[in-house]
Amino acid sequence: MDCISAHDRMTRRGFLRSASAGAAVLGMAPLRFAQTYGDSLPREEVRGSRPNLIFILADDMGYGDLSILGQKNFRTPNLDKMAQEGMILTDHYAGSAVCAPSRATLLTGQHTGHVYQRGNGDIEFRPDPQDVTIATRLKSAGYRTAMIGKSGLACHSDNALLPHKKGFDHFFGYLDHRAAHRFYPPTLVRNGRIVEYPHNNGHTGEVYSGDLFLDETLNYLDEHGRSKQPFFLHFALQQPHADLSAPEEFRQPYINQFQEQPRGVGGYRPQSHPAATYAAMITYVDHTVRRVLQKLRELGIEKNTLVIFTSDNGSYSEGGYHYSMHNSNGAFRGGKRDLYDGGIRVPTIAWWPGTIQAGLRSDHISAFWDFAPTALDLAGLPIPEEMDGISYLPTLLGQADRQKQHTYLYWEFYEQGGKQAVRYGRWKGIRLNVRQNRRRPIELYDIVNDPGETTNLAERHPDIVRQIAAFMQEAHTPAEFSGFRF
């Protein structure tokens, strides 16, 4: 059975033709989905020096939660230093406005109009050759593969071997997204076996999950870091997702700093000091990244390791915290579950000493589904036609003149009445309540001059609105989710 149905192949071929035609109307470069390796570096050069890949993913961290991107209430000195030594991708987007579909786009290289997981429901990655992950593909190029932390493969699953079936040689963490909302796990899974922590009850206990995952990551690097065989490590953090929870040594310094009134409980356990605890969780993320980069330097492999740090969607209003308390989403409108930029534009840093020029900022427009093509580009593998992403390796290498561009980025989201969004150059189109009517009006924003999406320009630019409507129709393939069709 092929990875993509014949129907989908026909749909996407038509999509490519229409997208290219639409680009020509406005003088933009045509979209190219099928990209073979060799456009960025000579094939033999990369084959002889394939880098290790580490993708560190925070959970619900907003664009404004880094002090280098504007956070004033607390500091993130280690992430700031990582950015100063590497590159900030200012216009990088998550795959969705919630966890599961966002992570699915990351692992498959497909956007939410094509990927199987399109929401946070009882659904998991299907057996190969369906939903093929970047881990499976990198293994074919000789990479060791590991996932540590919160699995992006299922919202709910008791299939302890699922990570291995989807290409990960090593796994330690939560299989179930909902279990990962708690930071003192009674059980975790390591390579198909249950590991018990009898003094943990989910909310409290002796062992904080973040400490377990950091130790596992450092041990993995000690074991595999100096091997001649390259590795891909997906380090999927839980912080700062609700429930709000952080070790006391991280939380205590903030308790007296913030005079706060808990807001937006949102179905999670309320926290008496949500602003303090949220700040502590970001500080814990900052601490974790410092330890990982420090380990790479100790092993002497930092110059052969590309590290990407980002978040799976914007910040939230849950567990007593509201993203406005720390201006967590910066200048952008909305937050988690919104397709305004506050829900999907995420802080993103690429770090590769000696290869990525230090201190750069790139406004290249990219998204989660671009990571898999980038990793394949580095591994010397072709990029499959069914992927929606484009390698951003030229951007990382400072070769902006060789960087291919998306004609547009597309999202669809099934909660809250259904939503669609398109980023089309400087334009951002959003359609709400899609389940009521697929032809509902589209809001249009000049995202460059109006990053807060405050002024709807749809009536002034009907031609742009029509083009975005066409993109929304072409990018979407039908799917059922949570009992309804989108």
Side-chain angles (χ1 to χ4, degrees), residues 4 8 55 57-61 92-126 130-135 147 149-157 162 166 174-178 180-181 234 236-238 241 310-316 318 334-346 348 366-372 386-389 408-423 430-432 434-435 472 475-486:
I4 176 174
D8 280 355
F55 197 100
L57 184 62
D59 197 347
D60 294 2
M61 183 175 183
H92 188 74
Y93 287 87
S96 183
V98 293
C99 300
S102 189
R103 293 160 191 258
T105 70
L106 174 72
L107 293 173
T108 64
Q110 296 178 306
H111 60 55
T112 46
H114 294 152
V115 77
Y116 180 64
Q117 288 182 301
R118 303 194 191 186
N120 279 346
D122 290 339
I123 189 170
E124 66 180 37
F125 271 51
R126 297 167 295 180
Q130 301 174 102
D131 309 328
V132 179
T133 72
I134 185 57
M147 177 189 285
K150 175 179 173 177
S151 168
L153 300 172
C155 278
H156 176 70
S157 178
L162 180 61
K166 300 309 297 183
Y174 294 92
L175 291 173
D176 187 326
H177 276 211
R178 287 172 291 194
H181 297 165
H234 181 29
L237 310 179
Q238 296 167 266
H241 196 293
T310 189
S311 173
D312 65 348
N313 49 251
S315 188
Y316 55 81
E318 294 167 342
K336 182 177 179 179
R337 294 185 177 83
D338 289 320
L339 292 185
Y340 298 107
D341 267 21
I344 53 177
R345 199 188 301 202
V346 286
T348 305
S366 56
F368 268 26
W369 50 93
D370 292 329
F371 170 69
E386 64 264 25
M387 284 190 177
D388 298 315
Y408 62 88
L409 303 177
Y410 172 76
W411 298 265
E412 59 186 53
F413 183 55
Y414 283 27
E415 296 181 28
Q416 299 176 340
K419 308 171 185 181
Q420 290 176 294
V422 162
R423 172 76 192 263
I430 298 176
R431 177 183 272 154
L432 305 177
V434 179
R435 298 208 308 262
M472 287 179 174
H476 167 74
T477 55
E480 285 199 19
F481 193 81
S482 296
F484 60 83
R485 289 179 65 84
F486 185 86

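FYI, side chains are in, hydrogens and waters are out, and symmetry mates aren't considered; it's all heavy atoms of this structure.
Of all non-hydrogen atoms in Q110 and E386, the two that sit nearest each other are NE2-O, 3.2 Å. Taking all atoms of both residues into account, the shortest heavy-atom contact from H92 to S366 is ND1-OG, 2.7 Å. Across all their heavy atoms, C99 and K150 have their closest contact at SG-NZ, 3.2 Å. The minimum heavy-atom distance linking A421 with I430 is given by the pair CB-CG1, 4.1 Å. The minimum heavy-atom distance linking D338 with I344 is given by the pair O-CG2, 4.0 Å. Between E124 and A154, the shortest heavy-atom contact is CB-CB, 3.4 Å.
Y174 is linked by a ring pair (Phe, Tyr, Trp, His ring centres under 6.0 Å) to F213, counting only residues two or more places apart in sequence or in another chain. The side-chain contact (heavy atoms from CB on, under 4.5 Å) check on A58 picks up M61, F309, S311, with sequence neighbours excluded. Annotation: ring pair (Phe, Tyr, Trp, His ring centres under 6.0 Å) contacts of H177 (sequence neighbours excluded): none. Here R423 pairs with D91 under the salt bridge (Lys or Arg N to Asp or Glu O under 4.0 Å) rule; sequence neighbours left out. For D370, the salt bridge (Lys or Arg N to Asp or Glu O under 4.0 Å) test picks out no residue, with sequence neighbours left out. In this structure, the side-chain contact (heavy atoms from CB on, under 4.5 Å) partners of A104, at least two apart in sequence or on a different chain, are V115, Q117, F125.
Between T105 and the choices W411, W369, Y93, F371, the side-chain contact (heavy atoms from CB on, under 4.5 Å) rule is met once, by W369.
Going from atom CG of D122 over to atom SG of C155 covers 7.5 Å, rounded to the nearest 0.5 Å.
Using modelled atom types, no side-chain atom of T108 and backbone atom of D131 make a donor-acceptor pair closer than 3.5 Å. A donor-acceptor contact shorter than 3.5 Å links the side chain of T133 to the backbone of K166. No donor-acceptor pair closer than 3.5 Å links the side chain of S96 to the backbone N or O of S102. Under the 3.5 Å distance criterion, the side-chain polar atoms of T477 are matched with a main-chain donor or acceptor of G113.
In this structure, T310 and L57 have side chains that are in contact, with non-hydrogen atoms separated by less than 4.5 Å. Counting only heavy atoms from C-beta outward, the side chains of H156 and D176 approach each other to under 4.5 Å. Side-chain contact between D60 and D312: present, with at least one pair of heavy atoms (C-beta onward) separated by less than 4.5 Å. Counting heavy atoms from C-beta on, the side chains of L106 and F55 come closer than 4.5 Å. Side-chain contact check for R431 versus V422: every heavy-atom pair is 4.5 Å or farther apart.
Look at D59 and K336 and you find no salt bridge, because none of the NZ, NE, NH1 or NH2 atoms lies under 4.0 Å from a carboxylate O.
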Kindly indicate, with the supporting measurements, whether the criterion side-chain contact (heavy atoms from CB on, under 4.5 Å) is fulfilled by H111 and F368.
CA-CA 8 Å; H111 60 55; F368 268 26; over 6 Å; no

Evaluate side-chain contact (heavy atoms from CB on, under 4.5 Å) for R126 paired with Y116, printing each intermediate quantity in order.
CA-CA 8 Å; R126 297 167 295 180; Y116 180 64; 3.4 Å; yes

Decide yes or no on side-chain contact (heavy atoms from CB on, under 4.5 Å) for N313 and H241, but give the supporting numbers first.
CA-CA 10 Å; N313 49 251; H241 196 293; over 6 Å; no

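Donor-acceptor pairing under 3.5 Å is recorded for the side chains of Y410 and Q420.
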